[in-house]
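Because the structure is a prediction, the values reported are computed rather than measured.
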Amino acid sequence: MESVMRSPKFDTAKVLTIGDAMIDRYWHGVAQRISAEAPIPVVEVREIEDRLGGAANVALNISTLGAESCLVAATGSDAGARELRAKLKASDINVALVEDPSMPTTIKVRVVSQNQQIVRADFEENFDISTESLLGAAKCFDGIDTVILSDYDKGVLTDPQAFIKEYVPRKIPILVDPKHKDFSLYQGATLVKPNINELRYAIGEWDNEKEMIKKVRSLLEKFSWSAVLVTRASDGMTLVEKATETHFPARTRDVYDTSGAGDTVISVLGASISSGF
């Protein structure tokens, strides 16, 4: 009998994202001349677009899939925080935002012309938020199926172990989207999803696919993870578990902005696991 691939029932899932939320701001325009002040293009801005970024983008993807999405993050007490909160509310995301009046809400501005990113300007400082206050905010949400740690290294996840020790003993999977950090900080997590550069930072170079798999499997043993999912840009993704590895090829697409690709992977993974896959 032929097997039938079924789709996840995302509406049964409840996923909590904890991490660094931000606003991705796009200035879209046309560059038709060079500045008289410096050898740089002058972009005539015709449209300004704000999107949820970082951990907020992960939470948005989960909500868009139809799952119940919750978010714990840090903001300033500024216009950026108000906009972030409004966009999250409009997307049916349950939020617990911890405010730090001394810091700005993280905003990344990208200037885009003819589908080419010209420059990016970041408005950010690392938050100094206590892990206890973030754990307290997370306790607002019950019935969580899966927790995603979306680490952009902006100060929210300085102590990932506190969250891992809170949820893993309760049989709630922890999925980590890491940054260029010591991977021992994520010890005991269920799955870690580095991109290819973050993996190189952690394990060094490799000569071939077999050596990469061997090195990744050593991370599973060393840090007590169940799996590592490596996102490899145009080379697709590789899932490494204790006894198996699976490669998922990519389909080529023309894109001008790859920001948020990793957010999409971790959010679909989290919602799927929460739905019983």
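Between the side chain of Ser91 and the backbone N or O of Leu88 there is no donor-acceptor pair closer than 3.5 Å. Remark: side-chain polar atoms of Ser63 are not paired, donor with acceptor, to backbone N or O of Ala59 under 3.5 angstrom. Under the 3.5 Å distance criterion, the side-chain polar atoms of Ser35 are matched with a main-chain donor or acceptor of Glu37. Side chain of Ser267 to main chain of Ile62: no donor-acceptor pair is present (N/O by atom type, distance under 3.5 Å, no hydrogens or angles). Using a distance-only test at 3.5 Å, with no hydrogens or angles considered, no donor-acceptor pair links the side chain of Thr190 to the main chain of Pro173.
Between His28 and Glu49, the closest side-chain pair of non-hydrogen atoms falls below 4.5 Å. With a 4.5 Å cut-off on side-chain heavy atoms, Arg85 and Glu99 count as touching. Taking 4.5 Å as the limit, every side-chain heavy atom of Phe127 sits out of range of all side-chain heavy atoms of Asp20. Annotation: side chain of Thr238 is in contact with side chain of Ile213 (closest heavy-atom distance under 4.5 Å). Contact check for Thr231 versus Ile196: no side-chain heavy atoms found under the 4.5 Å cut-off. Considering only heavy atoms from C-beta on, Arg51 stays 4.5 Å or farther from Ile23 through its side chain. Contact check for Val43 versus Val30: no side-chain heavy atoms found under the 4.5 Å cut-off. Two residues are said to be in side-chain contact when any heavy atoms from C-beta on lie closer than 4.5 Å; Thr106 and Phe123 fail this criterion.
One distance of note links CG of Leu191 with CD of Glu241; it measures 8.5 Å at 0.5 Å rounding. Rounded to the nearest 0.5 Å, atoms OG (Ser113) and CD1 (Ile118) are 5.0 Å apart. A distance of 5.5 Å separates OG of Ser226 from NZ of Lys242, quoted to the nearest 0.5 Å. Summarising the geometry, atom CG belonging to Asn57 is positioned 8.5 Å from atom OG belonging to Ser150; distances are rounded to the nearest 0.5 Å. A distance of 7.5 Å separates OG of Ser272 from CG of Leu65, quoted to the nearest 0.5 Å. A distance of 6.5 Å separates CD1 in Ile107 from CG in Asp78, rounded to the nearest 0.5 Å.
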Given side chain to side chain contact (heavy atoms under 4.5 Å, CB included), test Leu219 with Leu199 step by step and report yes or no. CA-CA 10 Å; Leu219 295 179; Leu199 184 64; 4.2 Å; yes
Leu135/Glu166 under side chain to side chain contact (heavy atoms under 4.5 Å, CB included): CA gap, chis, key distance, verdict: CA-CA 9 Å; Leu135 279 168; Glu166 173 69 24; 4.1 Å; yes
From CA spacing to verdict: side chain to side chain contact (heavy atoms under 4.5 Å, CB included), Ser69, Ile93: CA-CA 5 Å; Ser69 181; Ile93 298 168; 4.0 Å; yes
Set out, in order, the CA-CA distance, both residues' side-chain angles and the distance that settles side-chain hydrogen bond (donor to acceptor under 3.5 Å, both in side chains) for Ser274 and Thr146, then state yes or no. CA-CA 6 Å; Ser274 296; Thr146 303; 2.6 Å; yes
Side chain to side chain contact (heavy atoms under 4.5 Å, CB included) assessment of Val111 paired with Tyr26: CA-CA 6 Å; Val111 181; Tyr26 291 82; over 6 Å; no
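Considering all non-hydrogen atoms of both residues, Ile144 and Cys70 come closest at CD1-SG, 4.2 Å. Summarising the geometry of Gly270 relative to Ile148, their closest heavy-atom pair is CA-CD1, 4.1 Å, with the distance given to 0.1 Å. A pairwise comparison of heavy atoms in Phe183 and Pro178 identifies CE1-CB, 4.0 Å as the closest pair. Residues Glu125 and Pro104 come closest through the heavy atom pair OE2-CD, 4.0 Å. Between Asp128 and Asp100, the shortest heavy-atom distance links the atoms N-OD2, 3.9 Å. Minimum interatomic distance between Ile18 and Ala138 (heavy atoms only, all atoms of both residues): CD1-CB, 4.5 Å.
Evaluation of the salt bridge (Lys or Arg N to Asp or Glu O under 4.0 Å) test over residues 219-237, restricted to residues two or more places apart or in two chains, returns Glu209-Arg232. For residues 186-208, the pairs satisfying ring-ring contact (aromatic ring centres under 6.0 Å, His included) are His180-Tyr201, with sequence neighbours left out. Listed by first then second residue, pairs satisfying salt bridge (Lys or Arg N to Asp or Glu O under 4.0 Å) with a partner in residues 192-203 read Asp177-Lys193, Arg200-Glu205, not counting sequence neighbours. Residues in residues 145-156 take part in these salt bridge (Lys or Arg N to Asp or Glu O under 4.0 Å) pairs, two or more places apart or across chains: Glu124-Lys154, Asp151-Lys181, Asp153-Lys181.
Asp122 meets the side chain to side chain donor-acceptor pair (under 3.5 Å) test with Lys108, Arg120; sequence neighbours excluded. In this view, Arg25 and Asp50, Glu83 satisfy the salt bridge (Lys or Arg N to Asp or Glu O under 4.0 Å) rule, not counting sequence neighbours. The ring pair (Phe, Tyr, Trp, His ring centres under 6.0 Å) check on Phe10 picks up nothing, with sequence neighbours excluded. Annotation: side-chain contact (heavy atoms from CB on, under 4.5 Å) contacts of Ala73 (sequence neighbours excluded): Ala21, Leu71, Leu97. Considering only residues two or more places apart in sequence or on other chains, Phe223 meets the ring pair (Phe, Tyr, Trp, His ring centres under 6.0 Å) condition with Trp225. Residues passing the side-chain contact (heavy atoms from CB on, under 4.5 Å) test with Gln161 are Asp159, Ile164, Lys165, Gln187, sequence neighbours excluded. Checked against side-chain contact (heavy atoms from CB on, under 4.5 Å), Thr12 has the following partners two or more places apart in sequence or in another chain: Lys9, Ser275. Contacts of Lys14 classified as salt bridge (Lys or Arg N to Asp or Glu O under 4.0 Å), with partners at least two apart in sequence or in another chain: Glu68, Asp142.
Taking the charged nitrogens against the carboxylate oxygens, Glu245 and Lys214 have no contact shorter than 4.0 Å, which rules out a salt bridge.
Linking Ile, Leu, Val, Met, Phe, Trp and Tyr residues whenever their side-chain heavy atoms come within less than 4.5 Å places Ile48 and Leu52 in a single cluster. Val176 and Leu239 fall into different hydrophobic clusters, defined by Ile, Leu, Val, Met, Phe, Trp and Tyr side-chain heavy atoms under 4.5 Å apart, directly or through other members. If you chain together hydrophobic residues whose side chains sit under 4.5 Å apart, Met22 and Ile129 never meet in one group. Hydrophobic clustering, with ILVMFWY side chains joined whenever heavy atoms are under 4.5 angstrom apart, groups Leu149 together with Leu16. Hydrophobic cluster membership is shared by Leu229 and Ile273, with clusters built from Ile, Leu, Val, Met, Phe, Trp and Tyr side chains linked at under 4.5 angstrom.
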